[in-house]
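Reminder, nothing fancy here: chain letters follow the sequence lines and each chain counts from 1.
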Number of protein chains: 2
Amino acid sequence: MLKISKKADYALMALQHIAAVQFGDVTPGRVVNTKEIAEEYNIPLELLAKVLQTLAKHALIESHNGPKGGYALVRRAHQITIAQILESIEGPLGITDCSHEKEGEFCMQRENCHIRTPLLKVQDSIAQLLNNMTLQDMMGGTPLITIQSPAAQGVER
Amino acid sequence: MLKISKKADYALMALQHIAAVQFGDVTPGRVVNTKEIAEEYNIPLELLAKVLQTLAKHALIESHNGPKGGYALVRRAHQITIAQILESIEGPLGITDCSHEKEGEFCMQRENCHIRTPLLKVQDSIAQLLNNMTLQDMMGGTPLITIQSPAAQGVER
DNA sequence: ATGATCTCCGATCAAATAGGTCGGACTAAG
DNA sequence: CTTAGTCCGACCTATTTGATCGGAGATCAT
């Protein structure tokens, strides 16, 4: 349960990769195109393209067209929150249908519903969690396969 | 994003209602049948029945068959966590596909994936959040506990 | 300038999952 | 024993998600 979509997964991988290239030591400042990312992580090319387009539309990355083109981060990694990334792809956070009810619409269970308020509380907690974590926290450089000491993880803050 | 299913919603409403009847002041100990809950909250009867069956199979409630039959909680409200309820309906918590990979199976992106470990960290935080909240916290019409964000480090309450 | 290449973008298709429905099996009251 | 009321499991449909295709526009190399 509470699974995030594959597209969101791809978005996180792609942004992590772009950040690593752009701010890394090897070829700093280089833009990276869709194909490179797709091959590196075995992601369907066309689908990844669509994901990156969406991210660009939400101003998380900017696109450079033509040959030698590609994508580049607009902000630095620590200024991009996980919440922003996920919401760009999957829409606003809402663990229940009635999370974003506009005035005038309401679910059929609303009048006697006792669980809405506690659930919104849970939702707030998750929102804070995702807002306090940035792309920088995903940078660690250590590949997954190697054994890693718990202290060496980039996510520790 | 991260929306829980309608079935899970119905499960929470139903359990809240059963607990209110069973441990309330009006008719304590009474079992409550599917129809009563469905009408109270405008839930499709047959679908709610299926949800309750699932909850019974996971030993959160017990079914009493025949006339005057219905469902009753087996444990008290404060001993049933939200995590247990949701997992009974939607399966184990897992924000990403590779959360519960068995030995031998792995996603196509695994070998170069840098986001798995941080995401599992997020998942752990959410798990703690849901495990620290019980059905009791949903009782009483008015909101009850304040939940702190587990974002910084370790979840405390 | 012109062609070749690369990216962007919309529309489209297929698979998975959630939402909802049906008839039968069982139980206990009368 | 009958009968009304309940649980239970299989079935069907609709929405969402994952993935794909083809063309238009932009940029760089020649």
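A side-chain hydrogen bond (donor to acceptor under 3.5 Å, both in side chains) check over residues 43-54 of chain A, counting only residues at least two apart or in different chains, returns nothing. Among residue pairs with one or both ends in residues 5-35 of chain B, those qualifying as ring pair (Phe, Tyr, Trp, His ring centres under 6.0 Å) are His17(B)-Tyr41(B); sequence neighbours excluded.
Non-hydrogen atoms lying under 4.0 Å from DNA chain C are contributed by Asn65(B), Gly66(B), Pro67(B), all within residues 61-71 of chain B. Remark: Glu46(A), Leu47(A), Lys50(A) in residues 46-58 of chain A come within less than 4.0 Å of DNA chain D through at least one heavy atom.
The side chain to side chain contact (heavy atoms under 4.5 Å, CB included) search around Gln123(A) returns Leu93(A), Ile95(A), Ser99(A), His100(A), Leu120(A), not counting sequence neighbours. Taking Glu87(B) as the reference, nothing meets the side-chain hydrogen bond (donor to acceptor under 3.5 Å, both in side chains) condition, with sequence neighbours excluded. Lys6(B) pairs by the salt bridge (Lys or Arg N to Asp or Glu O under 4.0 Å) definition with Asp97(A), not counting sequence neighbours. For Ser88(B), the side chain to side chain contact (heavy atoms under 4.5 Å, CB included) criterion is met by Leu55(B), His58(B), Leu60(B), not counting sequence neighbours. Judged as a side-chain hydrogen bond (donor to acceptor under 3.5 Å, both in side chains), and not counting sequence neighbours, the contacts of Ser5(A) are Glu90(A). A search for side-chain hydrogen bond (donor to acceptor under 3.5 Å, both in side chains) contacts involving Thr96(B) returns Asp9(A), not counting sequence neighbours. With sequence neighbours left out, the salt bridge (Lys or Arg N to Asp or Glu O under 4.0 Å) criterion links Glu36(A) to Arg30(A).
Taking atom CD1 of Ile18(A) as the reference point, atom C1' of dT7(C) lies 13 Å away to the nearest angstrom.
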For every nucleotide of nucleotides 13-18 of chain C, 5' to 3': is a protein heavy atom under 4.0 Å from its base (B), only from its sugar-phosphate (S), or from neither (-)? ------
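Side-chain atoms of Asp137(B) come within 3.5 Å of backbone atoms of Thr134(B) as a donor-acceptor pair (strictly under, hydrogens ignored).
A sub-4.0 Å separation between OP1 or OP2 of dC6(C) and a side-chain N or O of Asn33(A) is absent.
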